[in-house]
K.L.:
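Take a look at this one; I'll ask things after.
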Amino acid sequence: MKTHSRSRAVRTPGGLSVRLDPRALTVVVLLLVAACAAGIALIGTGDAKIPAADVLRTLAGNGTAYQDFIVNELRLPRVLVGLLVGASLGLGGALFQSISRNPLGSPDVLGLSQGSTAGALTVIVLLSGSAFQVTVGALAGGLATGLAVYLLAWKQGVHGYRMVLVGIGVNAVMTAVNGYLLTKADLVDAARAVVWMTGSLNGRDWDQVWPLLALCAVLVPLVLVNARGLRMMEMGDDISHALGVRVQWVRLLLMVSAVLLTAAATAAAGPVSFVALTAPQLARRLTRSPGPNLVPSLCMGAALLVAADWASQRAFGADQLPVGVVTGVLGGAYLLWLLVTERRAGRI
């Protein structure tokens, strides 16, 4: 696939120079518009259908009391959680794929989603914990799994294919652990755990929005500040060192950020599969731009997840599917296509 580089350097009043790629900027704007449009359509979808114009009027504070309750209290939190979870998975997937220099280097493949699931299942099955405790368990499980992958893949540094191979092994182990935990649960806890493991936005409220929003507000700027170092690292560690990049420090910082983003998204909506794998790849194909494509991946993830949630409510009639089922079907087909493409290119 051809790539082009028509980026322009823009100097800010503070003296910073920022590169802007017109095509990538256009893709970001269109993805943001698509995410917002899907979000508005999703807010209007349900037993009480609300036209898009009334949704916008209600969000602006001019709706009726009934519309205000439906839109702002019941449906808006679900959409915001979907946007934040999708953005977190898209950005986390882009970071892992760039660090590993491998299109298969996503949290789904590396075992981080299963690790977060194991942490949440431990709380649900063994402790019968509250929703907040399940969130803490998912975060702890994701961090522990990310640390295990990093340490097991370390050999004078962390390199791409070794990290992917270690991640596949860790993923298999965590999948077995999750199966064992389900066998130890009683019927009520097992049913609760299976629903959570599917990946769903049902019942999400403002309690899930604020922690995820706060985490994104801290981690997204931190990641973008280090985007230049990540771009340099794609040329190889030796060249990056020569250009003044502290390779291992930047890699560790960005890996921790990616793990936290993935674990927080899993804690908020369960293990929604394949968004972290597909969003960066689709964003790169749209921008046709080299490099990690962090912002386009973030926007693609948000648009994908909200669109998938809308499809899960509209495409199957009365049988509404959890969003994780829809992303799993679409993402699985994409993964098969990606594996065939990589094999034909001689990369696997």
Side-chain angles (χ1 to χ4, degrees), residues 21 23-46 50-60 71-72 74-95 106 199-202 204-206 208-210 212-217 219-221 223-224 261-262 264-266 268-270 272-287 289 292-315 321-324 326-327 330-331 334:
D21 184 333
R23 183 185 178 95
L25 184 61
T26 301
V27 168
V28 167
V29 172
L30 291 177
L31 287 174
L32 287 175
V33 171
C36 292
I40 291 170
L42 185 57
I43 290 175
T45 299
I50 301 177
D54 290 341
V55 171
L56 292 173
R57 190 179 303 112
T58 303
L59 291 174
V71 171
N72 293 320
L74 295 184
R75 297 179 181 172
L76 180 60
R78 174 188 180 127
V79 171
L80 291 177
V81 170
L83 290 170
L84 291 170
V85 167
S88 299
L89 292 175
L91 182 56
L95 287 171
S106 81
S200 175
L201 297 176
N202 291 335
R204 299 305 182 262
D205 56 27
W206 292 104
Q208 283 81 39
V209 173
W210 298 121
L212 192 53
L213 181 61
L215 190 70
C216 289
L219 292 181
V220 172
V223 167
L224 296 182
L261 287 167
T262 303
T266 304
V272 180
S273 57
F274 288 113
V275 173
L277 175 69
T278 57
Q281 294 297 312
L282 294 176
R284 181 169 294 186
R285 281 166 170 75
L286 287 177
T287 62
S289 176
N293 284 278
L294 297 180
V295 176
S297 299
L298 181 152
C299 297
M300 177 62 77
L304 275 179
L305 190 56
V306 176
D309 194 35
W310 178 84
S312 71
Q313 296 190 49
R314 295 295 300 270
L321 296 178
V323 68
V326 177
T327 60
L330 298 178
Y334 178 82

K.L.:
Which pair of heavy atoms, one from Ala279 and one from Gly90, lies closest together, and at what distance?
P.N.:
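Looking at all heavy atoms of both residues, the closest pair is CB-CA, 4.0 Å.
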K.L.:
Evaluate the side-chain proximity of Val55 to Arg75: yes if any heavy-atom separation is below 4.5 Å, no if none is.
P.N.:
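No - every pair of side-chain heavy atoms lies 4.5 Å or more apart.
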K.L.:
I need the minimum non-hydrogen distance between Ala94 and Leu294, along with the two atoms involved.
P.N.:
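Nearest pair, atom of Ala94 first, then Leu294: CB-CD2, 3.9 Å.
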K.L.:
How many angstroms lie between CG in Leu95 and CG in Leu261, if you round to the nearest 0.5 Å?
P.N.:
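Taking CG in Leu95 and CG in Leu261, the distance rounds to 7.0 Å.
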K.L.:
Can you give me the closest heavy-atom contact between Ala35 and Ala302, atom names plus distance?
P.N.:
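Shortest heavy-atom contact: CB-C, 4.4 Å.
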K.L.:
With rounding to the nearest 0.5 angstrom, report the CG to CG distance, Leu304 to Leu89.
P.N.:
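Atom-to-atom, Leu304:CG and Leu89:CG are 10.5 Å apart.
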K.L.:
Between Arg23 (side chain) and Leu286 (backbone), is there a donor-acceptor pair under 3.5 Å?
P.N.:
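Judged by distance alone, yes, a pair lies under 3.5 Å.
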K.L.:
Testing Leu31, Val28, Leu91, Val27 for side-chain contact (heavy atoms from CB on, under 4.5 Å) with Met300, which one passes?
P.N.:
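Single side-chain contact (heavy atoms from CB on, under 4.5 Å) partner of Met300 among Leu31, Val28, Leu91, Val27: Leu31.
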K.L.:
With rounding to the nearest 0.5 Å, note down the distance linking CG in Leu80 to CG in Leu213.
P.N.:
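Between Leu80 CG and Leu213 CG, I get 8.5 Å after rounding to 0.5 Å.
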K.L.:
For side chain to side chain contact (heavy atoms under 4.5 Å, CB included), just list the numbers for Val295 and Leu224, CA-CA rounded to whole Å, side-chain angles, deciding distance to a tenth of an Å, and then say yes or no.
P.N.:
CA-CA 8 Å; Val295 176; Leu224 296 182; 3.8 Å; yes
K.L.:
Please give me the minimum heavy-atom distance between Leu215 and Ala264, naming the atom from each residue.
P.N.:
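Where Leu215 meets Ala264 most closely, the heavy atoms are CD2-CB, 3.2 Å.
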K.L.:
Considering non-hydrogen atoms only, spot the tightest contact between Ile40 and Ala52 and give its length.
P.N.:
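Distance-wise, the nearest heavy atoms are CG2-CB, 4.0 Å.
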K.L.:
Would one find more than 12 heavy atoms of other residues, nucleotides or ligands at under 6.0 Å from atom CH2 of Trp206?
P.N.:
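Yes - once you tally the heavy atoms of other residues, nucleotides and ligands closer than 6.0 Å, there are more than 12.
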K.L.:
Listed by chain and number, what are the side chain to side chain contact (heavy atoms under 4.5 Å, CB included) partners of Ala24, not counting sequence neighbours?
P.N.:
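Listed in chain order: Asp21, Thr287.
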K.L.:
Check for a donor-acceptor pair, side chain of Gln313 on one end and backbone N or O of Trp310 on the other, with a separation under 3.5 Å.
P.N.:
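Checking the backbone N and O of Trp310 against the side chain of Gln313, no donor-acceptor pair under 3.5 Å is found.
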K.L.:
Any sub-3.5 Å donor-acceptor pair from Thr327's side-chain atoms to Ser273's backbone N or O?
P.N.:
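Confirmed, Thr327 side chain pairs with Ser273 backbone.
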K.L.:
Quick one: does Val306's side chain get under 4.5 Å of Val323's, heavy atoms only?
P.N.:
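Val306 does not reach Val323 side chain to side chain.
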K.L.:
Rounded to the nearest 0.5 Å, what's the gap from CG on Leu76 to CG on Leu42? Could you check?
P.N.:
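The CG atom of Leu42 is 10.5 Å from CG of Leu76, to the nearest 0.5 Å.
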K.L.:
Please give me the minimum heavy-atom distance between Gly324 and Val272, naming the atom from each residue.
P.N.:
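The pair with the smallest heavy-atom distance is CA-CG1, 4.4 Å.
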K.L.:
Is a side-chain N or O of Arg204 found less than 3.5 angstrom from the main chain of Asn202, in a donor-acceptor match?
P.N.:
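Present.
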K.L.:
Which pairs would a plain distance check flag for residues 81-88, meaning a side-chain donor or acceptor within less than 3.5 Å of a matching protein atom at least two apart in sequence or in another chain?
P.N.:
| from | atom 1 | to | atom 2 | distance (Å) |
| --- | --- | --- | --- | --- |
| Ser88 | OG | Leu84 | O | 2.8 |

